[in-house]
Amino acid sequence: LGLAAGRLGNFINGELWGRPSTLPWAMVFPGSGDGIARHPSQLYQMGLEGIALFVVLWWFSGKPRPTGQVSAAFLIGYGTFRFAAEFTREPDNFLGLLAGGMSMGQWLSIPMIIAGVALYVITAKKSTH
């Protein structure tokens, strides 16, 4: 829920706005300086990385799990939701899109997902021994 609050703060402050959009809920962010309607990507991230991830982890942790598996689920879930939401977020001006047409947020999400999968597998193997 802390992640959701942080993204709501980004929205209120007009930070980290999205890519241009023609969707009916697209918004003009004064800080962008261009008057173009954009995705409210902060709200997408709030919903995915904050609220949806909280619900998934709450459900997942409701049953006894090997030590580390809830952390693994967090890494996998946060990385996956962040990767998806980045498609609607405007890349940082000083970086733009990087190799493969992906943003820095997407590139940083990949190792997080891999680490989460590795942690999940390792903890699953330890619990069977």
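The figures that follow rest on heavy atoms only: side chains count, while hydrogens, waters and symmetry mates do not. Starting from 1, each residue takes its place in the sequence as its number. As the structure is a computational prediction, the values presented were derived from the model and not from experiment.
Rounding to the nearest 0.5 angstrom, the gap separating the OH atom in Y78 from the OG atom in S109 is 7.0 Å. Put simply, CZ on R38 and CG on L23 are 13.5 Å apart, with the number rounded to the nearest 0.5 Å. The structure places OG1 of T22 at 12.5 Å from CD1 of I36, a figure rounded to the nearest 0.5 Å. Note: F81 CZ to E49 CD = 9.0 Å, rounded to the nearest 0.5 Å.
The closest side-chain heavy-atom distance from P20 to E90 is below 4.5 Å. Using a 4.5 Å cut-off on side-chain heavy atoms (C-beta onward), H39 and R89 make no contact. A 4.5 Å side-chain heavy-atom check between L8 and Q42 finds every atom pair outside the cut-off. Using a 4.5 Å heavy-atom cutoff, the side chains of I113 and T80 are in contact. In this structure, P91 and R19 have side chains that are in contact, with non-hydrogen atoms separated by less than 4.5 Å. Contact check for Q45 versus L3: no side-chain heavy atoms found under the 4.5 Å cut-off.
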Evaluate the side-chain contact (heavy atoms from CB on, under 4.5 Å) criterion for residues I76 and V117: first the C-alpha distance (whole Å), next the side-chain angles of each, then the deciding distance (0.1 Å), finally the verdict. CA-CA 7 Å; I76 295 166; V117 170; 4.0 Å; yes
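Ring planes of W17 and F29: parallel class, angle under 30° (limits at 30 and 60°).
The main-chain N or O of S103 is found under 3.5 Å from a side-chain atom of Q106 such that the two form a donor-acceptor pair.
Residue M104 is found in a hydrophobic cluster whose other members, listed by chain and number, are F83, F87, F94, L95, L98, M102, W107, L108, I110, I114; membership requires side-chain heavy atoms under 4.5 Å apart, directly or through intermediates.
Taking each heavy atom of G116 and A72 in turn, the nearest pair found is O-CB, 3.3 Å. Shortest non-hydrogen contact noted between S41 and T88 is CB-OG1, 3.6 Å. Shown here for Q69 and Y120, the closest heavy-atom pair between the two residues is NE2-O, 3.4 Å.
W59 and V70 fall within the same hydrophobic cluster, defined by Ile, Leu, Val, Met, Phe, Trp and Tyr side-chain heavy atoms under 4.5 Å apart, directly or through other members. Using a 4.5 Å cut-off between side-chain heavy atoms of Ile, Leu, Val, Met, Phe, Trp and Tyr, with links allowed through other members, L43 and I12 fall into the same hydrophobic cluster. The hydrophobic cluster containing M112 also contains L57, counting ILVMFWY residues as joined when their side-chain heavy atoms lie under 4.5 angstrom apart, directly or transitively. In this structure, F54 is not a member of the same hydrophobic cluster as L48, with clusters built from ILVMFWY side-chain heavy atoms closer than 4.5 Å.
Scanning for side-chain hydrogen bond (donor to acceptor under 3.5 Å, both in side chains) contacts around S61 gives an empty result, with sequence neighbours left out. In this structure, the side-chain hydrogen bond (donor to acceptor under 3.5 Å, both in side chains) partners of W25, at least two apart in sequence or on a different chain, are Y44.
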